[in-house]
Amino acid sequence: MTSHATGAPVDDRVLWDRAAGGDEAAFGELFERHAEAVWNHAYRLTGSWSAAEDLTSNTFLTAWRRRADVTLVRDSALPWLYTVAGNAARDEHRGARRRLRLLRKIPDPPVVSDHADAVAERLDGEERLREIVEAVRGLPKAQRAVVELCLLGDLSVADAAAALAVAEVTVRAHLSRARARLRTLLKEAEK
């Protein structure tokens with residue numbers, strides 16, 4: 001904006017006074033005059049383009065809202081706008097630190113296992129069990145009986161010997177041979 005009488009640019013104080021009286025064009029002139037400088041200042045304060053844009057917007061929004069309450073001490077609105085931008089940057093930084101501290105206090109959510117993984121593990125386990133059962137069926141009758149009681153039934157050697165009416169040493173011998181045979185059968189099944 002220029003003065004009609006002299007053609008010289010109107011200083012910030014005159015524009016600010018007009019804006020305080022409700023002259024939107026005067027405030028628009030102030031914005032055009034200082035927006036780039038405020039954005040540069042905000043960028044230097046934050047190091048972020050997007051944060052500088054937000055701070056610039058907030059600075060001019062504050063200026064518009066407080067235009068009637070503020071009287072410029074110097075002829076430039078820029079020092080006051082810089083002060084508003086600096087205060088807003090500090091407020092945002094403090095708020096971000098508070099939010100970060102709060103987030104650190106929140107416990108991590110419990111780890112929930114993926115249902116698909118559980119299903120896959122169960123299917124793999126069921127397949128492995130079928131292989132074991134098939135291998136046990138291929139054992140000689142005496143070894144199969146000992147494996148069914150001791151390994152699959154979880155009976156002690158003494159209890160299995162009593163159930164089969166044989167000596168414990170016989171159960172141990174059948175169990176040892178059955179384990180060796182099962183290892184071989186299961187390794188062959190993996191190939």
Side-chain angles (χ1 to χ4, degrees), residues 35-36 38-63 65 81-191:
E36 185 176 348
V38 170
W39 186 91
N40 287 331
H41 181 66
Y43 180 74
R44 286 188 297 273
L45 292 172
T46 63
S48 165
W49 290 20
S50 62
E53 287 183 22
D54 290 345
L55 283 174
T56 301
S57 296
N58 287 337
T59 298
F60 281 97
L61 179 61
T62 300
R65 288 180 177 159
L81 292 169
Y82 279 176
T83 302
V84 171
N87 290 339
R90 280 187 294 283
D91 288 347
E92 178 56 34
H93 182 69
R94 278 192 303 269
R97 282 195 336 240
R98 277 193 304 271
R99 287 187 296 275
L100 187 59
R101 280 194 310 267
L102 179 64
L103 286 174
R104 287 183 183 145
K105 289 180 182 180
I106 297 172
D108 290 335
V111 176
V112 178
S113 63
D114 186 1
H115 179 66
D117 290 341
V119 169
E121 287 176 21
R122 191 180 78 231
L123 291 176
D124 288 345
E126 289 175 0
E127 179 62 30
R128 185 71 174 159
L129 183 58
R130 278 195 290 276
E131 290 172 1
I132 291 170
V133 168
E134 192 60 38
V136 169
R137 284 187 189 138
L139 293 174
K141 184 177 179 182
Q143 291 177 11
R144 183 175 62 239
V146 170
V147 166
E148 288 171 351
L149 292 174
C150 293
L151 298 181
L152 301 178
D154 207 23
L155 285 181
S156 68
V157 171
D159 290 343
L164 294 173
V166 296
E168 287 183 34
V169 70
T170 304
V171 171
R172 283 192 185 93
H174 286 315
L175 200 51
S176 177
R177 287 186 207 113
R179 283 183 173 146
R181 177 116 172 100
L182 285 173
R183 272 198 248 16
T184 303
L185 289 172
L186 292 173
K187 283 182 185 177
E188 288 174 2
E190 287 177 2
K191 294 178 184 179

Inset, instruction - Check whether any side-chain heavy atom of Asp91 sits under 4.5 Å from a side-chain heavy atom of Arg94, and report yes or no. - result: yes
Legend entry - Distance in Å, Arg172 CZ paired with Cys150 SG, rounded so as to fall on 0.5 Å steps: 9.5 Å
Legend entry - Atom pair CD (Glu168) and CG (Asp159), whose distance is rounded to the nearest 0.5 Å: 9.0 Å
Inset, instruction - Taking the side chain as every heavy atom from C-beta outward, state whether Phe60 and Leu81 have any pair of such atoms under 4.5 Å apart. - result: yes
Legend entry - N/O donor-acceptor pair under 3.5 Å between Arg183 side chain and Arg179 backbone: yes
Inset, instruction - Go through the structure and list residues passing side-chain contact (heavy atoms from CB on, under 4.5 Å) with Arg65, not counting sequence neighbours. - result: Leu61
Legend entry - Gap separating the CG atom of Asn87 from the CG atom of Asn58, nearest 0.5 angstrom: 12.5 Å
Legend entry - Inter-residue atom distance Leu100.CG - Arg104.CZ, 0.5 Å rounding: 4.0 Å
Legend entry - Exercise: identify the closest heavy-atom pair between Ala163 and Leu149: CB-CD1, 4.3 Å
Legend entry - Counterpart residues, salt bridge (Lys or Arg N to Asp or Glu O under 4.0 Å), relative to Arg97 (two or more places apart): none
Legend entry - Heavy-atom closest contact (Tyr43 atom, Trp49 atom, distance): CE1-CD1, 2.8 Å
Inset, instruction - Might you point out which heavy atoms bring Ala89 and Leu45 nearest each other, and give the distance in Å? - result: CB-CD1, 4.1 Å
Inset, instruction - Considering non-hydrogen atoms only, spot the tightest contact between Ala178 and Leu139 and give its length. - result: CB-CD1, 4.0 Å
Inset, instruction - Would you please classify the geometry between the Tyr82 ring and the His41 ring as parallel, tilted or perpendicular, with 30° and 60° separating the classes? - result: parallel
Inset, instruction - Please round to the nearest 0.5 Å and tell me the distance separating atom NZ of Lys141 and atom NE2 of His174. - result: 11.5 Å
Inset, instruction - Provide the closest heavy-atom pair for Arg99 versus Glu92 in the form atom of the first, atom of the second, distance. - result: NH2-OE2, 3.0 Å
Inset, instruction - Starting at OG1 of Thr170, measure out to CG of Leu175 and round the result to the nearest 0.5 Å. - result: 12.0 Å
Inset, instruction - Kindly give the heavy-atom pair with the smallest separation between Val171 and Ala161, and that separation in Å. - result: CG2-CA, 3.6 Å
Legend entry - Arg144 atom CZ: more than 12 heavy-atom contacts under 6.0 Å: yes
